[in-house]
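To start, the structure itself, in structure tokens.
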Amino acid sequence: MPDFPLEEWTIAGLQAAMTSGELTSAQIVDLYLARIEAVDRSGPRLNSIIEVNPDARAIAEALDHHRASLGQVGPLYGIPIILKDNIDTADRMQTTAGSLALVGDPPAQDATVAARLRAAGAVILGKANLSEWANFRSSSSTSGWSGRGGQTRNPYILDRNPCGSSSGSAAAVSANLCAAALGTETDGSIVCPSHASGVVGIKPTVGLTSRAGVVPISHSQDTVGPHGRTVADAATVLGALVGVDERDRATAASAGRFHTDYTQFLDPNGLRGARIGVARQRYAGYSPHADRVLAEALDIMHAAGATIVDPADLPTAEQMGQDKSEFEVMLYEFKVGLNAYLATRTGVPIHTLEEAIAFNEAHVAEEMPYFGQEIFLQAQAKGLLTDEAYLTALATSRRLGGADGIDTTLREHNLDAIVAPTGAPAWPTDWVNGNRFMGGSSSPAARAGYPLVSVPAGYVFGLPVNITFMGTAWSEPALIRLAYAFEQARGPRQAPRFRPSLA
């Protein structure tokens, strides 16, 4: 690949270049658009970008024009950011969750997170490909594939999977196609793609960022968060997203708990005196390669002054491995949430989950060439959110992940955070057999609505392996501090080189 002038540039570096007059926002946009053409649409053909914003350059030019008159601007002013294609933008781009069933008129209103990025001066550069319907259509799906966008490829080794569902968001950041990106997570959909593509992912506490205008799965677990090449970049974006939003009742709980500047918690000495627990039971041991990277990471943290409590297992780990309450909650909430979201859209082919099922059946060749929609059918069969089965499942799932899980371990071992491998090295993409998911550590926090920070920790055969820091609700400051200190001690990530295969 030819040299790229903005290779591994940080948000702070881009902002400094604009402030000094070395670069304009329009020039930065042009460079990223050229990079998308060279890497995403030709060359390696990552296929991580589902659509480019046709107005991106005009937006950047307008920001450049106003920069001088504004005086001091915020850290995201003029910075190009990609949004996952399940986040509404009221512009000339589509919002489809990767499905042809939502191709039509754009949404009438920006998602709150998109509006907040615009208010911060960010340039929405385009939309990222994803696992269709955020990987909630089939239990035999292939992550990174959508009917509208096709298959996203892993930027490190192209025949490997980028994980899902925020596949394109993480891959685009990793491949230097943008400065940062937004993803969404219900269970693993920010942190697993971050791990597979070797970038930082922050999955916020549910309610810290608004989900208004985001195609939903589960209102009790969905959250929107950033991907960045560094912890500092991800923290910078997170600060622009937060705040109470009357369009999303869950954000009311964040009042007095959010920070509009998470970079204040970036402390290179943040591991000194910290107590870090290691969740081994169920969340390690499934991959010797990931275990080796974890061991190296623990040595780095210990050398940086942390006390390592190993093991510090979640008492509910085995029970969560067998318990089905989380999936039951998602099935119930998906139908209700999707129907409510679709009621806000006009000029698209579907208006209910039932119509989405019928659309897929009428467009099998385009929408179901590799896997079906059995999860859609299960969700359609569910009743109301007043059903006893739903209420029991919700209480059980939250308790196992939170009060009896993460919170108990933090309290009993007096921990600042818990750490585990984010996952195993990326598996080969396989449309015949689907995903080969070996294991991960996202589910306890997903059930409880708690935050996670996934950060690059090492490489196996050229594939990245991340570790995840997890904590209780609203503990983003502590997790960012620890992840940043680890990143500084570990050293910068290795940028991908788009190898065709492992051989």
Applying salt bridge (Lys or Arg N to Asp or Glu O under 4.0 Å), run through R148 and E366 and close with a yes or a no.
CA-CA 8 Å; R148 181 176 173 225; E366 299 90 348; over 6 Å; no
Verdict with reasoning, I82 to L182, per side-chain contact (heavy atoms from CB on, under 4.5 Å):
CA-CA 6 Å; I82 293 286; L182 295 192; over 6 Å; no
Show the numbers, then the answer: is there a side chain to side chain donor-acceptor pair (under 3.5 Å) between S443 and D187?
CA-CA 6 Å; S443 288; D187 187 339; 2.8 Å; yes
Set out, in order, the CA-CA distance, both residues' side-chain angles and the distance that settles side chain to side chain donor-acceptor pair (under 3.5 Å) for K203 and S442, then state yes or no.
CA-CA 10 Å; K203 177 253 182 186; S442 62; over 6 Å; no
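With sequence neighbours left out, F258 forms a ring pair (Phe, Tyr, Trp, His ring centres under 6.0 Å) with no residue at all. Residues passing the salt bridge (charged side-chain N to carboxylate O under 4.0 Å, His left out) test with R160, sequence neighbours excluded: none. With sequence neighbours left out, the salt bridge (charged side-chain N to carboxylate O under 4.0 Å, His left out) criterion links E185 to no other residue.
In this structure, R118 pairs ionically with D91, as a charged nitrogen and a carboxylate oxygen lie closer than 4.0 Å.
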Show me the donor-acceptor pairs, under 3.5 Å and distance only, between side chains in residues 356-364 and residues at least two apart or in other chains.
unit_1	atom_1	unit_2	atom_2	d
N360	ND2	A356	O	3.4
N360	ND2	Q373	OE1	2.9
H363	ND1	F359	O	2.8

Show me the side-chain donor-acceptor pairs of residues 451-463 shorter than 3.5 Å, one per line, residues at least two apart or across chains.
unit_1	atom_1	unit_2	atom_2	d
S454	OG	T422	OG1	3.0
S454	OG	N466	ND2	3.0
Y459	OH	Q494	N	2.7

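When only modelled atom types and interatomic distance are considered, T89 and D110 share no side-chain donor-acceptor pair under 3.5 Å. A side-chain donor from one of Q221 and E326 sits under 3.5 Å from a side-chain acceptor of the other. A donor-acceptor pair shorter than 3.5 Å cannot be found between the side chains of Y370 and N433. S146 and E132 form no side-chain donor-acceptor contact under 3.5 Å, judged by distance and modelled atom types alone. Between the side chains of S325 and T396, no donor N or O sits under 3.5 Å from an acceptor N or O. In this structure, a donor-acceptor pair under 3.5 Å is absent between the side chains of S441 and R282. In summary, the side chains of H227 and S169 do not present any donor paired with an acceptor at a separation below 3.5 Å, with no hydrogens or angles considered. Using a 3.5 Å distance cut-off with no hydrogens or angles, the side chains of T429 and N161 do pair a donor with an acceptor.
By the 30° and 60° cut-offs, the orientation of the rings of F136 relative to F334 is perpendicular.
Between the T152 side chain and the N47 main chain, a donor and an acceptor come within less than 3.5 Å of each other. Checking side-chain atoms of N86 against main-chain N and O of V214 turns up no donor-acceptor pair under 3.5 Å.
Aromatic ring centres of F371 and W431 lie farther apart than the 6.0 Å criterion allows.
Each disulfide (SG to SG under 2.5 Å) pair with one or both residues in residues 134-190, not counting sequence neighbours, appears once here: C163-C192.
The side chain to side chain contact (heavy atoms under 4.5 Å, CB included) with T409 is formed by just one residue from the set D313, L314, D404; it is L314.
Within a 6.0 Å radius of CZ in R249, no more than 12 heavy atoms belonging to other residues, nucleotides or ligands are found.
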